[in-house]
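Report on the structure given below.
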Amino acid sequence: MRDRIAQIPVGKVATYGQIAASLGDRLASRWIGEQLLHGPAAQQPAAHRVVRAGGELGLFHTGDPTDKQRLLESEGVVVVDGKVNLAEYEFCEFAGTAPLADLRKWQQELAERNRLSEMKRGPALVAGLDVSYDGDDGVVAYVLFDYATREMVWSHITRQPVLFPYITSYLSYRELPLHLSVLATAMQASRIADLLMIDGSGILHPRRSGIASMLSALTGLPTIGVTKKHLCGSYLASDLSADRFCDLHVEEKAGPTKLGAAILPTRKTKRPIFVSPGGLVSCDQAEALVSHFMVGKRLPTPIAAADRLSRQSITTG
DNA sequence: GCGACAG
DNA sequence: ATCTTGTCGC
């Protein structure tokens, strides 16, 4: 993205969304904004030449938006009522590849080869995975549980640098390397689960390719994705209940398609969690398997345990 | 102004 | 995800 910002000439501006679009996805505009405000991109000489889609200047890393206005005006850009006339000053001819488009394509390919077949046998061992962050490092915890007794059997933690930023719907590229590392270790220790529960989406994703889906496609293991926030799919808030799942649908050519389900984790909250199959399990199975591990906490036991373990490894050092 | 999109 | 003090409620 730095190279794109550097392309904006003196006397011109570009929008956050345009820069994101030139990288392959305008949904990455929030990330561009973050980098320009807090990240290293803020130090670029052309950082002030990026404005909002409506022409408003937007925030500036100095904390004072008038700094941004002064810099633009010193370059001949007219600012009226805090806005720039984009028709006159917008620069659009960005050069360069669109990496995000390639990453989307890869997700789509994995999604197409993904199967939601029923698990034929119930899992004997279920593992939860979750990631915490410590500066530039990511710490992933893998916690293995006995399905029947719900008791923890084994756990392992892996720490490694995280290279990819968090961009909505591209979470996989940030966290998948961590998951694959810890799974490799579990494999060597002969502690691989029959089913993985991941803190992230499964097919309940814009391209049906959340992190749980990609992990299933890459490992051949059944996976379920569980999130605390809504990513996509529609449901009726009035259907939310602590007693049963309510379906999340997405509009497709063939008609409304169920991609996942939501449930209130306890009777006392109004904030649901969202469950979707990653691969090699059905929606119904995913719901039943998650239910089995719902014991009054916000997340099912394996993920809750992985969350706690990865966090405490950071606090403890 | 409102709505808002995993971690 | 992470930054963070006191505070409300079971």
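Below, chain A is the first sequence line, B the second, and so on; all start at residue 1. The shown structure was predicted, so the numbers you read here are calculated from the model rather than taken from an experiment.
With rounding to whole Å, A/Arg174 atom CZ is found 10 Å from C/dT2 atom P. As rounded to whole Å, 15 Å separates atom C1' of C/dA1 from atom CD1 of A/Ile303. When the P atom of B/dG7 is taken as reference, atom CD of A/Glu34 falls 15 Å away, rounded to whole Å. In this structure, CD of A/Glu175 is placed 13 Å from C1' of C/dT2, rounded to the nearest angstrom. For A/Leu248 and B/dA6, the CG to P distance is 14 Å, given to the nearest whole Å. Atom P of nucleotide C/dA1 and atom CZ of A/Arg311 are separated by 5 Å, given to the nearest angstrom. Nucleotide B/dG7 holds its C1' atom 14 Å from the CG atom of A/Leu129, rounded to whole Å. Look at OH on A/Tyr133: it is 11 Å from C1' on B/dA6, rounded to the nearest Å.
Using cut-offs of 30° and 60° on the angle between ring planes, the pair A/Tyr173 and A/Phe164 is tilted.
Residue A/His249 qualifies as enclosed at atom NE2: its count of foreign heavy atoms under 6.0 Å is above 12. Atom CZ of A/Arg104 has more than 12 heavy atoms from other residues, nucleotides or ligands within 6.0 Å.
For DNA chain B, if you chain together Watson-Crick or G-U pairs that step i with j, i+1 with j-1 and so on, you find no run of at least three with distances under 3.5 Å.
Nearest-nucleotide positions on DNA chain C place A/Asp134 closer to the 5' end than the other of A/Asp134 and A/Lys268.
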Distances under 3.5 Å between nitrogen or oxygen atoms of protein and nucleotides 1-5 of chain B:
unit_1 : atom_1 : unit_2   : atom_2 : d
B/dC5  : O5'    : A/His230 : O      : 3.2
B/dC5  : O2     : A/Arg30  : NH1    : 3.2
B/dC5  : O2     : A/Arg30  : NH2    : 2.7
B/dC5  : N3     : A/Arg30  : NH1    : 3.2

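Within the cation-pi definition used here (under 6.0 Å to the ring centroid, within 45° of the axis), A/Arg191 does not qualify as a partner of A/Tyr142.
As judged by a 4.0 angstrom heavy-atom cut-off over every strand, A/Ser169 is placed among the base-contacting residues. Among the protein residues, A/Tyr173 comes within range of no part of the nucleic acid, since none of its heavy atoms lies under 4.0 Å from any strand.
Comment: A/Asp67 engages A/Arg70 in a salt bridge, judged by a side-chain N to carboxylate O separation of less than 4.0 angstrom.
In terms of modelled atom types and a separation under 3.5 Å, the side chain of A/Thr301 and the main chain of A/Phe293 share a donor-acceptor contact. The main-chain N or O of A/Arg2 is found under 3.5 Å from a side-chain atom of A/Gln44 such that the two form a donor-acceptor pair.
For the residue pair A/Arg30/A/Tyr16, the side-chain donor-acceptor check at 3.5 Å is not satisfied.
Considering only heavy atoms from C-beta on, A/Arg207 comes within 4.5 Å of A/Ser169 through its side chain.
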